[in-house]
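Note that these values count all heavy atoms, side chains included, but never hydrogens, waters or copies made by symmetry. Just so it is clear: chains get the letters A, B, ... in the order the sequence lines come, proteins before strands, and each one is counted from 1. If you're wondering where the values come from, they're calculated on a predicted model, not measured in any experiment.
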There are 2 protein chains.
Amino acid sequence: MREVAALAGVSLKTVSRVVNRESGVSADVVTRVERAVAQLDYRHNLAASNLRRGHGKTAMVGALLQDISNSFSSSLLRSLEDAARDRDVVIVAASLDEEPERERALVEGLVRRRVDGLLLMPATERHDYLADDLRSGLPIVFVDRRPNGVDTDSVTIDNARGSRLAVYHLVAHGHRRIAFLGDLPTIQTARNRLEGFEAAMRARHIPLDPSRVITSLRSPEDAEAAVSRLLASDEPPTAIFAARNSLAVGAIRALHRLGKAGQIALVGFDDFPLADIVDPPLTVIRQNVGAIGAEVAQRLFARIDGDTSPPRHVVLAPELVERGSGEIRP
Amino acid sequence: MREVAALAGVSLKTVSRVVNRESGVSADVVTRVERAVAQLDYRHNLAASNLRRGHGKTAMVGALLQDISNSFSSSLLRSLEDAARDRDVVIVAASLDEEPERERALVEGLVRRRVDGLLLMPATERHDYLADDLRSGLPIVFVDRRPNGVDTDSVTIDNARGSRLAVYHLVAHGHRRIAFLGDLPTIQTARNRLEGFEAAMRARHIPLDPSRVITSLRSPEDAEAAVSRLLASDEPPTAIFAARNSLAVGAIRALHRLGKAGQIALVGFDDFPLADIVDPPLTVIRQNVGAIGAEVAQRLFARIDGDTSPPRHVVLAPELVERGSGEIRP
DNA sequence: TCCCCGTTTGACAACGATGTCACGATCACG
DNA sequence: CGTGATCGTGACATCGTTGTCAAACGGGGA
């Protein structure tokens with residue numbers, strides 16, 4: 001900037017005025033400065049500008065999601081981006097992979113970078129560590145999982161209800177031997193889905209067979225192996241409830257490999273783009289990702305704009321989408 | 001920082017030393033400073049730090065992709081993230097949606113923010129506008145599309161070859177009436193795929209019927225409608241080559257709706273997570289996204305680390321994955 | 001002609017941090 | 001006990017920018 005000023009024969013402040021399109025600079029000076037800017041490849045430095053202005057807004061928000069490459073996380077990211085776009089805010093995105101340490105490190109990094117707000121799908125169990133930042137005014141919106149130990153906005157779905165929908169649906173189609181495939185019970189949503197499953201089975205007076213409740217499945221491959229084992233047992237299940245989309249995928253693969261596709265009922269949790277064209281079309285518990293994302297973005301930007309009303313916890317209801325795989329009878 | 005210094009009874013510089021874990025501070029002073037930091041909720045400001053240090057590294061890279069929510073873009077993003085993670089670099093991600101204006105605006109925003117490097121899947125046709133930034137040393141790596149008007153690293157696949165693989169495969173299975181579904185020909189990759197299709201048809205001495213070459217399809221819905229029209233014609237195609245994954249999805253939906261699934265051959269371009277379990281399993285031209293992402297990340301960080309060798313243009317070969325849908329005979 | 005006023009421009013300090021260098025204290029050694 | 005080396009600490013300028021305030025300028029009216 002100093003060089004631009006020298007070349008244009010004006011003061012630093014005048015260059016600043018031109019760069020910021022402030023009024024009250026003569027047309028002649030403006031062109032001189034702009035010429036100098038072009039000639040020297042000068043680039044305005046936003047960091048320095050923000051520093052001086054002091055108000056702090058960096059026009060960056062952080063989005064810490066489970067895994068950017070999965071469709072749920074990336075759809076949320078996209079919803080946030082659509083809202084951010086209108087306000088010229090950019091998004092710093094990262095995957096947590098269910099690693100608490102990574103979450104803490106990334107939050108710290110983003111706070112040091114002075115992001116204006118944070119979208120968090122936490123990998124940690126307790127969130128007290130965020131208290132200081134929240135107190136100092138950093139807007140944080142939780143998504144998919146609720147805050148624990150601090151109070152801040154969240155947008156989640158009713159996971160237990162989703163499980164209940166699935167179980168009641170399968171029971172209504174005549175099933176009693178229903179297997180459950182779930183992720184690590186340390187993950188809040190996975191736990192809620194498991195609890196919902198158990199409660200629904202109780203509510204329908206079906207005894208829980210622990211050998212048919214498989215948790216800690218982390219990948220489609222895990223699920224595929226689990227289903228193979230389940231179907232090889234003495235009393236194989238007639239229906240499977242896969243409480244996460246990647247587990248449903250593994251289950252489908254296993255059913256295909258064993259030639260049982262179309263014979264065993266299957267309900268997945270979380271819709272995904274092609275669930276309607278797999279074989280058989282997959283019945284799922286759908287969470288409306290667009291609605292979640294829009295709600296999250298709206299909350300976050302409202303907070304950034306100074307909304308200081310009490311934290312709100314939005315809980316959306318998932319719905320059952322019948323497509324075929326869940327309507328197979330035993 | 002000033003307040004921390006005052007509270008701890010030391011100078012600014014000493015606080016800086018403690019915060020940066022520099023050696024040569026007595027244990028006593030370190031604890032006093034750390035206590036003060038905790039008490040005042042002090043947060044180190046990275047922007048100011050970078051400003052002063054001058055070397056410029058912000059430990060941020062930009063990733064401008066086509067659409068963060070599609071699986072190709074988000075997988076690339078994830079590959080980049082894996083590489084960035086080791087170096088404590090964060091990623092600013094955005095979708096361009098094939099809008100040139102948006103690309104230019106985002107690049108400018110990222111340059112102003114002084115990102116250390118840029119991953120770009122361009123929406124623009126010409127890239128001269130990047131010349132200044134490249135000259136001033138900003139590393140930019142193109143992915144999926146080659147730079148035009150400037151010379152910088154790129155990682156792409158051989159799209160024409162992909163189309164050729166698809167056509168030869170279908171012809172080998174007895175097809176001659178092959179329809180082509182493509183995106184906007186203004187998009188470089190879409191154009192290359194179309195050209196590859198035409199060249200391959202010529203090479204096999206099959207006359208091109210323009211009514212079976214449909215371009216400018218932007219969504220699964222567009223593709224679905226196009227396929228419906230194609231199949232309603234007098235001489236419907238016996239095979240379809242869908243030159244983008246979302247178009248293949250639309251084609252599958254149409255075939256299902258019309259009850260023709262399993263009767264018309266279909267080859268898609270771009271693999272996607274569930275292509276093996278749709279009905280029938282989809283034969284695709286696969287680009288190895290992991291390999292592309294790894295290559296891109298490696299190039300980008302090498303440049304950031306000061307590699308000034310001439311720009312390299314890596315072209316990876318796609319491969320045909322037979323799964324069933326492409327092996328249906330007329 | 002003189003004065004006042006609006007317009008355009010510039011000098012300076014400050015945003016939060018750190019590299020440089022110099023200072024005082026402590027220590028080992030002959 | 002003096003000397004030089006070593007260690008811990010602080011003063012100051014500086015990174016790139018902008019808010020504040022005042023100066024310089026030109027023009028219009030009395």
(request) Could you go through the salt bridge (charged side-chain N to carboxylate O under 4.0 Å, His left out) check for B:Glu103 and B:Arg145 one step at a time? (result) CA-CA 14 Å; B:Glu103 176 184 325; B:Arg145 303 168 195 189; over 6 Å; no

(request) Can you check whether any acceptor in the base of D:dG16 is under 3.5 Å from a donor in the side chain of A:Arg43, or vice versa? (result) no

What is the distance, rounded to the nearest whole Å, between atom [atom1] of [X] and atom [atom2] of [N]?
| X | N | atom1 | atom2 | answer |
| --- | --- | --- | --- | --- |
| B:Arg2 | D:dG10 | CZ | C1' | 16 Å |
| B:Arg32 | D:dT9 | CZ | C1' | 11 Å |
| B:Leu51 | C:dA17 | CG | P | 11 Å |
| B:Glu22 | D:dG10 | CD | C1' | 13 Å |
| B:His44 | C:dG16 | NE2 | P | 12 Å |
| B:Arg113 | D:dG16 | CZ | P | 19 Å |
| A:Asn20 | D:dT17 | CG | C1' | 9 Å |
| B:Asp28 | C:dT26 | CG | P | 14 Å |

Got a salt bridge between [X] and [Y], using NZ or NE/NH1/NH2 to carboxylate O under 4.0 Å?
| X | Y | value |
| --- | --- | --- |
| A:Glu108 | A:Arg112 | yes |
| A:Asp116 | A:Arg87 | no |
| B:Asp41 | A:Arg135 | yes |

Whether [X] contacts [N] is assessed here as follows: a side-chain N or O lying under 4.0 Å from the phosphate OP1 or OP2. Is that the case?
| X | N | value |
| --- | --- | --- |
| B:Ser16 | C:dT18 | yes |
| A:Arg114 | C:dG16 | no |
| A:Ser49 | D:dT17 | no |
| B:Arg53 | D:dC15 | no |
| B:Asn50 | D:dC15 | no |
| A:Thr14 | C:dT8 | no |
| A:Ser26 | C:dT9 | yes |

(message) Quick one about A:Ser309 and A:Asp307 (side-chain donor to acceptor, distance below 3.5 Å, no hydrogens or angles considered), yes or no?
(response) yes

(request) Hey, which sits more toward the 5' end of DNA chain C by its nearest nucleotide, B:Arg52 or B:Arg17? (result) B:Arg52

(message) Let me spell it out: for each of A:Ser23 and A:Lys13, pick the nucleotide of DNA chain C with the closest heavy atom. Which residue's pick is nearer the 5' end?
(response) A:Ser23

(message) Side chain of B:Val29 only, heavy atoms from C-beta on: which candidate in D:dT17, D:dT9, C:dG16 is closest?
(response) D:dT9

(request) Describe the nucleic acid contact of B:Val15 in one word from base, sugar-phosphate, nothing, applying a heavy-atom distance below 4.0 Å. (result) nothing

(message) By the 4.0 Å heavy-atom rule, please label A:Val19 as base, sugar-phosphate, or nothing.
(response) nothing

(message) Main chain of B:Arg312, side chain of B:Asp153: is a donor-acceptor contact present, judged purely on distance under 3.5 Å?
(response) yes

